[in-house]
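Heavy-atom basis, side chains included; hydrogens, waters and symmetry copies ignored. The first residue of the sequence shown is numbered 1, and numbering continues consecutively from there.
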Amino acid sequence: MSLLSDLINLNLSDTTEKVIAEYIWIGGSGLDLRSKARTLPGPVTNPSQLPKWNYDGSSTGQAPGQDSEVIIYPQAIFKDPFRRGNNILVMCDAYTPAGEPIPTNKRHNAAKIFSNPDVVAEEPWYGIEQEYTLLQKEVNWPVGWPVGGFPGPQGPYYCGVGADKAFGRDIVDAHYKACVYAGINISGINGEVMPGQWEFQVGPAVGISAGDELWVARYILERITEVAGVVLSFDPKPIKGDWNGAGAHTNYSTKTMRNDGGYEEIKSAIQKLGKRHKEHIAAYGEGNERRLTGRHETADINTFLWGVANRGASIRVGRDTEKAGKGYFEDRRPASNMDPYVVTSMIADTTILWKP
């Protein structure tokens with residue numbers, strides 16, 4: 001195994017200018033990540049320097065067998081924490097050979113919204129709290145849980161320390177450092193309320209970069225759990241009963257909200273979100289009705305409620321924001337399996353562009 005490890009960790013820059021680029025894209029389910037690698041003649045710093053590529057869409061549920069070619073366009077570059085050196089991870093989106101975005105390409109429409117001059121002028125900032133659950137591979141049951149059984153009730157696990165409270169910390173810390181290395185603006189991690197469940201935060205990130213960074217952070221976590229032999233779940237309610245679900249709370253602000261007097265703009269934006277509650281819920285992740293029950297720090301899926309420091313609300317405003325009269329708010333509705341391109345652009349569209 002030491003020889004294999006040595007070969008995996010070879011430093012290519014000692015012998016060649018060539019680099020390896022891992023192209024990443026989103027598969028047919030809208031949540032599955034796919035990737036493949038290609039060799040480039042030298043280091044690359046901008047996506048525009050990279051060639052487009054293609055893949056067999058009939059094998060990912062994104063094209064028919066008789067016309068299976070899907071073209072991927074490089075959109076964002078990150079350092080590769082697995083191969084290191086000058087090697088890179090490349091976040092891509094997918095198009096037909098004629099240049100039309102395929103149905104699962106949600107980035108294309110998000111980029112349109114974020115390039116709107118009114119949105120650009122407001123510099124929308126996002127901070128996304130990505131919750132996830134680590135599962136034992138053979139039994140699809142949370143790590144640290146007895147097989148077929150349950151641990152003690154919730155209480156000691158949130159931000160807990162110790163072998164009987166924190167399960168999978170080695171994976172979490174490896175992911176944290178790998179994201180920092182990659183250039184992702186990961187801002188923190190913590191153990192969650194349900195044992196075996198964790199959270200990482202990405203942001204603040206501006207506009208479309210929030211989606212790019214969260215997707216690549218997910219990809220890196222998927223790769224690390226692959227090595228560890230653990231299954232990564234973004235199910236919003238992985239365990240039935242008196243256990244917390246998993247969300248992707250999305251913190252948001254515009255330039256107007258961050259400036260003096262911004263609290264009035266925050267309240268106006270929240271009112272708009274309330275008027276489009278059903279449309280947002282429909283786009284905020286599959287299976288969210290199992291999570292948004294009005295229990296376990298959630299508002300009921302059919303109810304729109306906002307409040308200051310209220311974790312049982314749809315939208316939470318922090319005490320500091322209320323006191324300062326400016327700042328940000330947190331949309332607590334998105335599920336852990338949401339598409340960040342959809343959620344971030346929809347919030348911007350509703351709060352900046354939509355005229356009720």
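Checked by atom type, the side-chain pair S314/R333 shows no donor-acceptor distance below 3.5 Å.
Note on L273 and V308: same hydrophobic cluster, where clusters join Ile, Leu, Val, Met, Phe, Trp and Tyr whose side-chain heavy atoms are under 4.5 Å apart, directly or indirectly. Linking Ile, Leu, Val, Met, Phe, Trp and Tyr residues whenever their side-chain heavy atoms come within less than 4.5 Å leaves F78 and Y23 in two separate clusters.
Aromatic pair F200/Y176: ring centres not closer than 6.0 Å.
No more than 12 heavy atoms of other residues, nucleotides or ligands sit less than 6.0 Å from atom CD of E286. No more than 12 heavy atoms of other residues, nucleotides or ligands shown are found within 6.0 angstrom of NZ on K323. For OH of Y158, the number of neighbouring non-hydrogen atoms (other residues, nucleotides, ligands) closer than 6.0 Å is 12 at most.
Nearest heavy-atom pair across K52 and R38 is O-NH1, 3.6 Å.
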Could you go step by step and tell me if R84 and N9 meet the side-chain hydrogen bond (donor to acceptor under 3.5 Å, both in side chains) rule? CA-CA 8 Å; R84 286 168 280 188; N9 293 314; 2.7 Å; yes
Before giving the answer on side-chain hydrogen bond (donor to acceptor under 3.5 Å, both in side chains), spell out for S336 and Q130 the whole-Å C-alpha distance, their side-chain angles and the decisive distance to 0.1 Å. CA-CA 6 Å; S336 50; Q130 176 69 71; 5.0 Å; no
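W243 pairs with exactly one of P195, P142, P238 by the side-chain contact (heavy atoms from CB on, under 4.5 Å) rule, that one being P195. Under the side chain to side chain donor-acceptor pair (under 3.5 Å) test applied with D331, the options W306, Y284, Y252 reduce to a single match, Y284.
Using a 4.5 Å cut-off on side-chain heavy atoms (C-beta onward), Y328 and V317 make no contact.
Considering CG of L292 and NE2 of H296, their distance stands at 12.5 Å, rounded to 0.5 Å.
Classification of the Y55-W25 ring pair by plane angle, with boundaries at 30° and 60°, yields parallel. Aromatic ring orientation, F234 versus Y132: perpendicular (interplanar angle above 60°, classes split at 30° and 60°).
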